[in-house]
Participant: 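Provided herewith is a single structure, encoded as structure tokens, for subsequent inquiry.
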Amino acid sequence: MTPEAATIPPHFIQQLIDSDLRAGRLGTGGVVTRFPPEPNGYLHIGHAKSIYLNFGMAAEFGGLCRLRFDDTNPLKEETEYVASIESDVCWMLGQPLSEPPRFTSSYFPQIYDYAEQLILNGKAYICDLSNEEIRATRGTLTEPGQESPYRNRDITENLQLFRRMRAGEFADGSRVLRARIDMAAGNINMRDPILYRIRRATHHQTGDTWCIYPTYDFSHCLADAIEGVSHSLCTLEFEDHRPLYDWILDQLGIGNPRPHQTEFSRLSIEYTVLSKRRLNLLVASGRVSGWDDPRMPTIAGLRRRGYTPEALRSFCRHIGISRADNHVEMGLLEHCIRDDLDHRAARVMAVLRPLKVVIENWPNQQVEWLTAPCHPQDPSMGSRQLPMTSEIWIEQDDFRPQAAKDFKRLILGGEVRLRNSYIIRCQEAVTNPVSGAITELRCTYDPKTLGTNPTDRKVRGVIHWVSAQYGRTAEIRLYDRLLTTPGADADGDDAFLALLNPDSLSVLSDCWVEPSLVDATPEQRFQFERVGFFCVDSRDSTPDHLVFNRTVALRDSWTKKDSG
RNA sequence: UGGGCCGUCGCCAAGUGGUAAGGCACCGGAUUUUGAUUCCGGCAUUCCCAGGUUCGAAUCCUGGCGGCCCAGCCA
């Protein structure tokens, strides 16, 4: 954990682990946690919360946390996802895994043996009901279910049938192994839940070794037990599964110390969606360019957007761990990345929407190389050279023909400071005679104002600029929220897709950046002064065609004032 | 009128019977060649509501109200 963690009061899980440790309830293995994703999609920031918690608890209490792929459903899983998950976990943690990842599938032999043991104990039976029949006899939220006619098969028959299931003698879906618990239980998970199903699918890890696969409920608690997990941390929707988790371990005689499940609330963030199924829909429908589209709340997307692992960890620290709804505003995530990047991003200048400025009293063709610091508060970051020339680009928004309330940028007849350069005065605005649009500004500069302010007058504004002769063109991509509504509540896929913000991406292809940026490398992050934090796109940027992604805009107290 | 969980500032979140931490957001004001950063200051007489217990309650009890999860051979 970071030093500042000490200043944050411990959350309920830290308190729990601490008391388990003090009471000597953990056995020789100490604190063991696991992060157990299913490799059926990319990790998102909700997973980041879980990664930070699980690995964080192990680190804080001198224990161990493993990455374990919960790969019990070969129909939905792919090796592409196991690769992306491992890479995202390491990136976010900022270090390699302490040991290779594990797979629930590697425990299939033991899990199978446990199933036979359950059958032998009379606690599980083979049910021949169809999928539909099982659903129909499960009961409803308010009515109990009905017992399966196969519930009282004798142990020998159950064992034989189960072995034949494994041997591939029965068709997919024709039989299942069910726990024998209580069809009248208020908790539907306890109404003879399915433990094993027949599924002839090639598994990404075990190939065609198995044609029966254990369900989540049966395998998760056993994998935890096999690995010596002490604290099985998961989100609140699994709370109803805890009685089953404990029941299975009880029936199999797995005594203390043994794993205990503890739930915390899952993360949700306004104006985005944190459901693997829906993120998958966005990718599959082509609404985004991929799992790592910078608009995606995936770890890969945030990374490509320019987020740092440190910012993600800081965010996880800030949102806390509790059992109440963890519905967080975007503003907190943005705060975390600004806070981190402010310290480490080199400052440069870039003009997103250019307006030509001709400095009439600047010696034509002459260039003056000015020195500018890379970070105003951190001299150790060094400096770079800026070419000042007779023609420069400034931001369209930084000029208005007439003075307006509180507007402290350039106006006709007024003066403004060019960042890291001289003060200029606007003499004339050239307009297109047909459209009336301003096409160019004619200005003069004051040669006595480099590095010092005039004493006879006050110039309030400072604007950024790029030399027209030496600047480089660039494509800059601006991102906005993915959804138009704070929540992603929608009944069907179409309703959900209708919530998408049509302006979540805007591409500016006519931008100018200062020449020092030619050497920028993929993922390198900068602050474009007065604009925001940007990074070099890792996929599309080339030395001949620079592409920058806006990670986050700078805080802006002007736009609000101006429009309000 | 099935089971489980949760309700403390706009958002997150401490608090575990002794008189409401902190972060984000927001609002001032100072510094500033980024309308950024930084810095100072403000921001819950009140803890979903109503009763009760107590010298004392966000914390205990009772009863309401509101929200979330569960009827995949998904995880």
Side-chain angles (χ1 to χ4, degrees), chain A residues 7-11 15 36-38 40 70-73 75-76 127 129-131 134-135 138-145 172-178 184-191 193-199 213 215-217 219-220 234-243 263 265 270 276-277 317-336 338-339 342-343 347 349 372 375-377 406-409 416-421 423 449 451-453 459-464 527-532 553-562:
Chain A
T7 65
I8 300 174
H11 52 66
Q15 293 175 24
E38 182 187 16
N40 66 344
D70 215 354
D71 55 346
T72 59
N73 184 0
L75 257 26
K76 295 191 173 181
C127 181
L129 256 25
S130 70
N131 196 342
I134 288 179
R135 189 185 314 133
R138 185 154 28 223
T140 68
L141 293 178
T142 53
E143 304 159 64
D172 283 18
S174 61
R175 286 183 165 83
V176 290
L177 178 72
R178 288 230 250 173
N187 182 344
I188 293 177
N189 293 302
M190 299 300 269
R191 319 237 264 229
I194 287 155
L195 269 23
Y196 259 95
R197 69 282 215 198
I198 305 171
R199 187 161 287 184
Y213 292 93
T215 55
Y216 163 84
D217 283 313
S219 58
H220 202 92
C234 62
T235 45
L236 246 18
E237 66 272 24
F238 290 99
E239 193 164 19
D240 290 344
H241 295 248
R242 193 174 63 220
E263 312 84 15
S265 53
E270 287 193 341
K276 259 199 246 176
R277 208 192 76 74
R317 207 175 297 131
H318 278 81
I319 57 179
I321 295 291
S322 75
R323 292 172 66 87
D325 288 348
N326 195 213
H327 195 76
V328 176
E329 294 172 338
M330 248 331 161
L332 184 59
L333 222 205
E334 294 179 343
H335 161 77
C336 292
R338 283 193 192 106
D339 188 47
D342 183 57
H343 298 290
R347 266 100 246 239
M349 291 195 285
H375 190 117
Q377 281 86 35
D406 294 326
F407 186 77
K408 53 184 202 187
R409 282 114 97 149
V416 78
R417 157 77 62 185
L418 293 178
R419 176 74 166 157
N420 295 127
S421 179
I423 286 172
T449 55
T452 71
N453 282 318
V459 176
R460 287 174 70 213
V462 180
I463 64 174
H464 57 278
Q527 184 194 97
F528 290 177
E529 286 192 287
R530 300 209 314 132
V531 182
L554 252 32
R555 283 187 59 192
D556 174 18
S557 56
W558 160 246
T559 304
K560 223 180 333 185
K561 193 190 289 184
D562 186 42

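Reminder, nothing fancy here: chain letters follow the sequence lines and each chain counts from 1.
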Participant: The side chain of A:Ala324 lies closest to which of these nucleotides: B:rG7, B:rC70, B:rA14?
Facilitator: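 Selected nucleotide (nearest to the side chain): B:rG7.
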Participant: Can you check the distance between B:rC40 and B:rC6, where both ends of the measurement are the C1' atom (answer in whole Å)?
Facilitator: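 Roughly 38 Å separates the two C1' atoms.
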Participant: Taking only side-chain nitrogens and oxygens of A:Arg197, does any of them come within less than 4.0 Å of OP1 or OP2 of B:rC74?
Facilitator: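 It does, given that an N or O in the side chain of A:Arg197 lies less than 4.0 Å from OP1 or OP2 of B:rC74.
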Participant: Roughly, in whole Å, what's the span from CG in A:Asp339 to P in B:rA36?
Facilitator: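 Going from A:Asp339 (CG) to B:rA36 (P), I get 15 Å.
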Participant: Just call it for A:Ser130: base, sugar-phosphate, or nothing, with non-hydrogen atoms closer than 4.0 Å on any strand.
Facilitator: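 The answer is base, as A:Ser130 lies within the cut-off (heavy atoms under 4.0 Å) of a base atom.
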Participant: Heavy atoms under 4.0 Å, any strand shown: does A:Gly145 hit a base, just sugar-phosphate, or nothing?
Facilitator: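 Nothing: the residue A:Gly145, judged by heavy atoms under 4.0 Å, touches no strand.
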Participant: Write down the distance separating the C1' atoms in B:rC39 and B:rA44, rounded off to the nearest Å.
Facilitator: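 Straight-line distance between the two C1' atoms is 26 Å.
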Participant: As a test of the definition: with a 90° window around 0 for syn, would you call B:rG15 syn or anti?
Facilitator: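 Chi for B:rG15 falls in the anti range.
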Participant: From B:rA36, B:rC74, B:rU34, pick the nucleotide closest to the side chain of A:Arg530?
Facilitator: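 Taking heavy atoms from C-beta onward, the closest nucleotide is B:rU34.
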Participant: Side chain of A:Gln15, heavy atoms from C-beta onward: which of B:rG15, B:rG10, B:rG35 has the nearest atom to it?
Facilitator: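 Minimum distance to the A:Gln15 side chain belongs to B:rG15.
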Participant: In this structure, how many angstroms lie between the C1' atom of B:rG3 and the NE2 atom of A:His241, rounded?
Facilitator: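 Rounded to the whole Å, the gap is 12 Å.
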Participant: CD1/A:Ile423 to CG/A:Leu418 distance, rounded to the nearest 0.5 angstrom?
Facilitator: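 The distance works out to 9.0 Å.
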Participant: Look through every strand shown and name the nucleotide pairing with B:rU34 as Watson-Crick or G-U wobble, where both distances are under 3.5 Å.
Facilitator: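 Here B:rU34 is not engaged in any pair, so there is no nucleotide opposite it.
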Participant: Need one value for A:Phe238: base, sugar-phosphate or nothing, where a base atom within 4.0 Å counts as base even if backbone is also close, heavy atoms only.
Facilitator: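 A:Phe238: base contact, heavy atoms under 4.0 Å.
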Participant: Return the value, rounded to whole Å, for the distance between atom CG of A:Asp556 and atom C1' of B:rU37.
Facilitator: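 A:Asp556 atom CG is separated from B:rU37 atom C1' by 14 Å.
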Participant: How would you label the contact of A:Asp240 with the nucleic acid (heavy atoms, under 4.0 Å): base, sugar-phosphate, or nothing?
Facilitator: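 Base contact.
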Participant: Please figure out whether A:Arg338 or A:Thr142 has its closest RNA chain B nucleotide nearer the 5' end.
Facilitator: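 In this pair, the answer is A:Thr142.
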Participant: Return yes if the base of B:rG10 and the side-chain atoms of A:Glu329 contain a donor-acceptor N/O pair under 3.5 Å, otherwise no.
Facilitator: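 By the distance-only test, yes, there is a pair.
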Participant: Which comes earlier along RNA chain B counting from the 5' end, the contact point of A:Asn73 or that of A:Thr140, where each point is its nearest nucleotide?
Facilitator: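 The answer here is A:Thr140.
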Participant: So if I take every side-chain heavy atom of A:Asp325 and compare against B:rC26, B:rG67, B:rG3, which nucleotide ends up nearest?
Facilitator: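 Closest of the options to the side chain of A:Asp325: B:rG67.
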Participant: Evaluate the ring planes of A:Phe238 and A:Tyr216, with Trp represented by its six-membered ring, and classify them as parallel (under 30°), tilted (30 to 60°) or perpendicular (over 60°).
Facilitator: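 Tilted.
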Participant: How far does the P atom of B:rU31 sit from the matching atom of B:rC47, given to the nearest Å?
Facilitator: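 Result for the P pair: 41 Å, nearest Å.
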Participant: Counting only Watson-Crick pairs (N1-N3 plus N6-O4 or O6-N4) and G-U wobbles (N1-O2, O6-N3), all under 3.5 Å, who is the partner of B:rG18?
Facilitator: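 WC or wobble partner is B:rC55.
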Participant: What is the distance, rounded to the nearest whole Å, between atom NE2 of A:His343 and atom P of B:rU38?
Facilitator: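 In whole Å, B:rU38 P lies 7 Å from A:His343 NE2.
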Participant: Rounded to whole angstrom units, what separation is found between the NE2 atom of A:His318 and the P atom of B:rA21?
Facilitator: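 Rounded to the whole Å, the gap is 19 Å.
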Participant: Classify A:Arg417 by what it touches in the nucleic acid, base, sugar-phosphate, or nothing, heavy-atom distance under 4.0 Å.
Facilitator: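 Base contact.
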Participant: Tell me what A:Ile134 touches on the nucleic acid: a base, only sugar-phosphate, or nothing, going by heavy atoms under 4.0 Å.
Facilitator: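 Base contact.
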Participant: Do NZ/NE/NH1/NH2 and the carboxylate oxygens of A:Asp556 and A:Lys561 come within less than 4.0 Å?
Facilitator: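 No salt bridge links A:Asp556 with A:Lys561.
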Participant: So how far is it from A:Arg178 CZ to A:Ile134 CD1, rounded to the nearest 0.5 Å?
Facilitator: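 Nearest 0.5 Å value for the CZ-CD1 distance: 4.5 Å.
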Participant: For B:rU1, which nucleotide is its Watson-Crick or G-U wobble mate, given both distances must be under 3.5 Å?
Facilitator: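 The base-pairing partner of B:rU1, which may sit in any strand shown, does not exist here.
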Participant: Using Watson-Crick or G-U wobble geometry with both distances below 3.5 Å, tell me the partner of B:rG66, or none.
Facilitator: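 Pairing partner: B:rC6.
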Participant: Roughly how far apart are A:Arg555 CZ and A:Lys560 NZ, rounded to 0.5 Å?
Facilitator: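 Nearest 0.5 Å value for the CZ-NZ distance: 7.5 Å.
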Participant: Partner of B:rG41 by Watson-Crick or G-U wobble geometry, both contacts under 3.5 Å, or none?
Facilitator: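 Because both required distances fall under 3.5 Å, B:rG41 counts as paired with B:rC27.
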Participant: With rounding to the closest Å, how many angstrom separate the P atoms on B:rG22 and B:rU45?
Facilitator: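 It comes out at 16 Å once rounded to the nearest Å.
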Participant: Which whole-number value in Å describes the distance from A:Asn326 CG to B:rC69 C1'?
Facilitator: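 My rounded result for the distance is 16 Å.
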Participant: Please pick, from B:rA75, B:rU34, B:rC6, the nucleotide with the shortest atom-to-atom distance to any side-chain atom of A:Glu529.
Facilitator: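 Among the listed nucleotides, the one closest to the side chain of A:Glu529 is B:rU34.
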Participant: Which is true for A:His327 with a 4.0 Å heavy-atom rule: it touches a base, it touches only sugar-phosphate, or it touches nothing?
Facilitator: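 Since only primed, P, OP1 and OP2 atoms lie under 4.0 Å of A:His327, the category is sugar-phosphate.
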Participant: Can you tell which of B:rC5, B:rG35, B:rA14 lies closest to the side chain of A:Glu239?
Facilitator: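 For the A:Glu239 side chain, the nearest candidate turns out to be B:rC5.
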Participant: Look at all strands and tell whether A:Phe407 reaches a base, only sugar-phosphate, or nothing, counting heavy atoms closer than 4.0 Å.
Facilitator: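 It contacts base atoms.
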Participant: For A:Arg199, answer base if it contacts any base atom (sugar-phosphate contacts may also be present), sugar-phosphate if it contacts only those atoms, and nothing otherwise; contact means non-hydrogen atoms under 4.0 Å.
Facilitator: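 Result for A:Arg199 = sugar-phosphate.
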Participant: Would you mind reading off the distance between A:Glu237 atom CD and B:rC74 atom P, rounded to a whole angstrom?
Facilitator: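 Value for this atom pair: 17 Å.
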Participant: Within the side chain of A:Arg197, is there an N or O that forms a donor-acceptor pair under 3.5 Å with the backbone of A:Gly173?
Facilitator: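 Pair absent, no side-chain N/O of A:Arg197 close to backbone of A:Gly173.
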Participant: Which listed nucleotide (B:rG72, B:rU34, B:rG2) is nearest to the side chain of A:Pro376?
Facilitator: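 Closest nucleotide to the A:Pro376 side chain: B:rU34.
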Participant: Name the closest nucleotide to the A:Lys560 side chain, picking from B:rC27, B:rA71, B:rU34.
Facilitator: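 In terms of side-chain proximity for A:Lys560, the closest of B:rC27, B:rA71, B:rU34 is B:rC27.
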Participant: Could you report the tightest heavy-atom contact between A:Asn187 and A:Pro243, atom names first, then the distance?
Facilitator: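 Minimum heavy-atom contact is ND2-CG, 3.7 Å.
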Participant: Taking the P atom of each, how far is B:rU59 from B:rA20, in whole Å?
Facilitator: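 That atom pair is separated by 14 Å.
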Participant: From the list B:rC26, B:rC24, B:rU34, which nucleotide is the closest neighbour of the side chain of A:His335?
Facilitator: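 Out of B:rC26, B:rC24, B:rU34, the nucleotide with an atom closest to A:His335's side chain is B:rC24.
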Participant: Within the structure shown, what part of the strands sits under 4.0 Å from A:Leu333 by heavy-atom distance: base, sugar-phosphate, or nothing?
Facilitator: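 Answer is nothing: A:Leu333 stays at 4.0 Å or more from every strand.
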Participant: List for me each residue that meets side-chain hydrogen bond (donor to acceptor under 3.5 Å, both in side chains) alongside A:Glu38, sequence neighbours excluded, and say none if there are none.
Facilitator: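 Testing A:Glu38 for side-chain hydrogen bond (donor to acceptor under 3.5 Å, both in side chains), a comparison that skips the adjacent residues, returns A:Asn40.
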Participant: Rounding to an integer number of Å, can you tell me how far A:Glu270 CD sits from B:rC24 P?
Facilitator: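 Computing the A:Glu270:CD to B:rC24:P distance gives 17 Å.
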Participant: Can you tell me how far C1' in B:rG4 sits from the matching atom in B:rA21, rounded to whole Å?
Facilitator: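 Looking at atom C1' only, B:rG4 and B:rA21 are 31 Å apart.
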Participant: List the residues meeting salt bridge (charged side-chain N to carboxylate O under 4.0 Å, His left out) with A:Asp325, not counting sequence neighbours, and say none if there are none.
Facilitator: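 With neighbours one apart ignored, the set is empty.
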Participant: At under 4.0 Å between heavy atoms, what does A:Gln527 touch on the DNA or RNA strands: base, sugar-phosphate, or nothing?
Facilitator: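 If one applies the 4.0 Å heavy-atom cut-off, A:Gln527 turns out to touch a base.
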Participant: Answer with base, sugar-phosphate or nothing: what part of the nucleic acid does A:Gly331 contact at a heavy-atom distance below 4.0 Å?
Facilitator: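 Here A:Gly331 touches the backbone only, sparing every base.
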Participant: If we take the P atom in both B:rC60 and B:rU16, what is their distance in whole Å?
Facilitator: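 My reading of the P atoms in B:rC60 and B:rU16 gives 11 Å.
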Participant: If the P atom of B:rA75 is compared with that of B:rG67, how far apart are they to the nearest Å?
Facilitator: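 Roughly 31 Å separates the two P atoms.
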Participant: Which nucleotide, B:rG72, B:rC24, B:rC70, lies nearest any side-chain atom of A:Arg135?
Facilitator: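 Looking only at side-chain atoms, A:Arg135 lies closest to B:rG72.
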Participant: Determine whether any donor atom in the side chain of A:Arg409 lies under 3.5 Å from an acceptor atom in the base of B:rG35, or the reverse, and answer yes or no.
Facilitator: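 It does, because a donor-acceptor pair links the side chain of A:Arg409 to the base of B:rG35 below 3.5 Å.
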Participant: Is it true that a side-chain atom of A:Arg323 and a backbone atom of A:Glu263 form a donor plus acceptor pair closer than 3.5 Å?
Facilitator: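 Confirmed, A:Arg323 side chain pairs with A:Glu263 backbone.
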Participant: So what does A:Leu141 hit on the nucleic acid, given a heavy-atom distance under 4.0 Å: a base, only sugar-phosphate, or nothing?
Facilitator: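 Base contact - A:Leu141 has a heavy atom under 4.0 Å of at least one base atom.
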Participant: Could you check whether A:Asp406 gets within reach of a base, just the sugar-phosphate, or nothing at all, counting any heavy atom under 4.0 Å?
Facilitator: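 It contacts base atoms.
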